[in-house]
Every structure is written in C-alpha cells, then in structure tokens.
Amino acid sequence: MRRLAALVACVLVLSGCAASSGTAPAVSPPPLAVAPELVSQREAAGIPDCPATPLEAEAVAGGLPDVVVGCLGSGRQVNLAALRGTPMVLNVWAQWCGPCRAEAPHLAEFAAEAAASEQPLVVLGVDYDDPEPALALEFAGGAGWTYPHLHDPSKRIAGPLRIDGIPVTLFVNDRGQVVYRVVGPVASTQQLRDLAAAHLGVTL
C-alpha cells in the first residue's frame, strides 16, 4: 500500500507540473460502470483500487503505451503511459491460465516483501483476455495478491506490449520504460528478487 501511495503521488506531481506550465490540467478518465458486487468482492479480498492517472499521457521510447484500460473490481480507468515515477513489476495473467496459477505464490511473496521494503517498488497485475472478472477476483484473492490489478478483457495491450501468450512479467523502470521481460511463469520468488535487483536497482 505504501508503494501504491508513492505511485499515486508521482502521478499527481506530474499532473501538477502540466497545470503550472499554463496548459489545461490533466483530466482523469471517466469511471466505468461496474457491478457493486465486484467492488465488494475486491475490497473483501484486500485488493486496493488501481492508481489514478490522467486521461492522456505521452508514452516514452521503449515504455508503457498510451493505452487506457479498466481496473479489476473498480470503475477506475488507468493510462499505462502515466505509470511512472517508481520502479514497477507488471504481471500479465488470467484466472484460466495454468502457468499463471503456478507462479501465483511467488508473486504474492514478492509483492509482500516489496510492500514491506523501504525501497520504492510497485507491483501491479493485469487480468488479461479474461471475460469473468468475478472468477479473476476469486483467484487473485485466494492467491493472496493484495496489490491492484488492471482488467484488459479485449487484449488492448497485446500489440503495444507484444503479448503473444501469458503469463508475462515486465520490469519497468521509474521512467516508465520496460527494461526486462519474463515470458512464461516465474520459477521462484528468488528469481523475482534477482531480476528486480539487476534491472531496477531494487534489493529486497
């Protein structure tokens, strides 16, 4: 939660800089309609809402794309290109994906360590190509994933992020650039620690 707050603060700082330069202030995307039971399910699982971002954001070279997707169990929409300012591990998954289930305990342990660390690191999930948000939330809650998850049932990120299959785990630096990717399931929590240290400079 501390790392999520840091990410939100960075987004707000970026928005404030745009406003002070004489341009129109950044506008958040309008919320999507979402069933109240999904919101309750997310909150009961201890999964926080996704970070607030502006409607538009300029993508950096080699970075996350200017694509807006929804938040799992929330009406909030998120522009991926605006997710910068803090190193991030972005895991693309679905509840129907067997390898995603196999790597789930490693992600849960890694995210808990990141949340307890003094070093800033955000862990964010993307529920991908998944038409059943209730089942996705059930799986995420059961896996102990107490970090936010975006929701991309129509595979909007597929082309921009070169997603051919899942799971995929992206390591994103504080400038929003994708500096490393793991295609397929991560093998251990230690693998995640090692990759975060090597590519993001974060030691857990």
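Positions are given from 1, in the same order as the sequence printed here.
Of the candidates L64, D174, V123, M88 forms a side chain to side chain contact (heavy atoms under 4.5 Å, CB included) with just one, namely L64. Among V172, L121, L195, the one residue that satisfies the side chain to side chain contact (heavy atoms under 4.5 Å, CB included) test with V89 is L121.
No side-chain heavy atom of V60 sits under 4.5 Å from any side-chain heavy atom of R175. Using a 4.5 Å heavy-atom cutoff, the side chains of W93 and D127 are in contact. You'll find the side chain of T203 reaches within 4.5 Å of the side chain of Q119, heavy atoms only. With a 4.5 Å cut-off on side-chain heavy atoms, Y147 and V122 do not count as touching.
Applying the side-chain contact (heavy atoms from CB on, under 4.5 Å) test to V183 and every residue at least two apart in sequence or in another chain returns R181.
Using modelled atom types and a 3.5 Å distance limit, the side chains of D49 and S74 yield a donor-acceptor pair.
Of all the heavy atoms in G75 and V34, the pair that sits closest is N-CG1, 3.6 Å. For the residue pair C50 and L150, the shortest heavy atom distance occurs at SG-CD2, 3.7 Å. Of all heavy-atom pairs spanning I157 and V126, the tightest one is CD1-CG1, 4.0 Å.
Note that CG of N173 is 7.0 Å distant from CG of L200, once rounded to the nearest 0.5 Å. The structure places CD of E103 at 9.0 Å from CD of Q191, a figure rounded to the nearest 0.5 Å. Distance CG/L124 to OG1/T86: 12.0 Å, rounded to 0.5 Å. We find the CG-CZ distance between D129 and R156 to be 14.5 Å, quoted to the nearest 0.5 Å. Considering CG of D66 and CG of N79, their distance stands at 4.5 Å, rounded to 0.5 Å. Separating the CG atom in D152 from the OH atom in Y128 is a distance of 7.0 Å, to the nearest 0.5 Å.
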Show me the side-chain donor-acceptor pairs of residues 130-143 shorter than 3.5 Å, one per line, residues at least two apart or across chains.
{"unit_1": "D130", "atom_1": "OD1", "unit_2": "Q95", "atom_2": "NE2", "d": "3.2"}
{"unit_1": "D130", "atom_1": "OD1", "unit_2": "E132", "atom_2": "N", "d": "3.2"}
{"unit_1": "D130", "atom_1": "OD2", "unit_2": "Q95", "atom_2": "N", "d": "3.3"}

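Both L170 and V69 belong to a common hydrophobic cluster when Ile, Leu, Val, Met, Phe, Trp and Tyr are linked at side-chain heavy-atom distances under 4.5 angstrom.
For H106 (side chain) and A187 (main-chain N/O), a donor-acceptor pair under 3.5 Å exists by modelled atom type.
Ring geometry, H199 versus Y180: the interplanar angle falls under 30°, so the pair is classed parallel (tilted spans 30 to 60°).
Within the structure, salt bridge (Lys or Arg N to Asp or Glu O under 4.0 Å) pairs that include any residue of residues 185-204 comprise E109-R193, E113-R193 (at least two apart or interchain).
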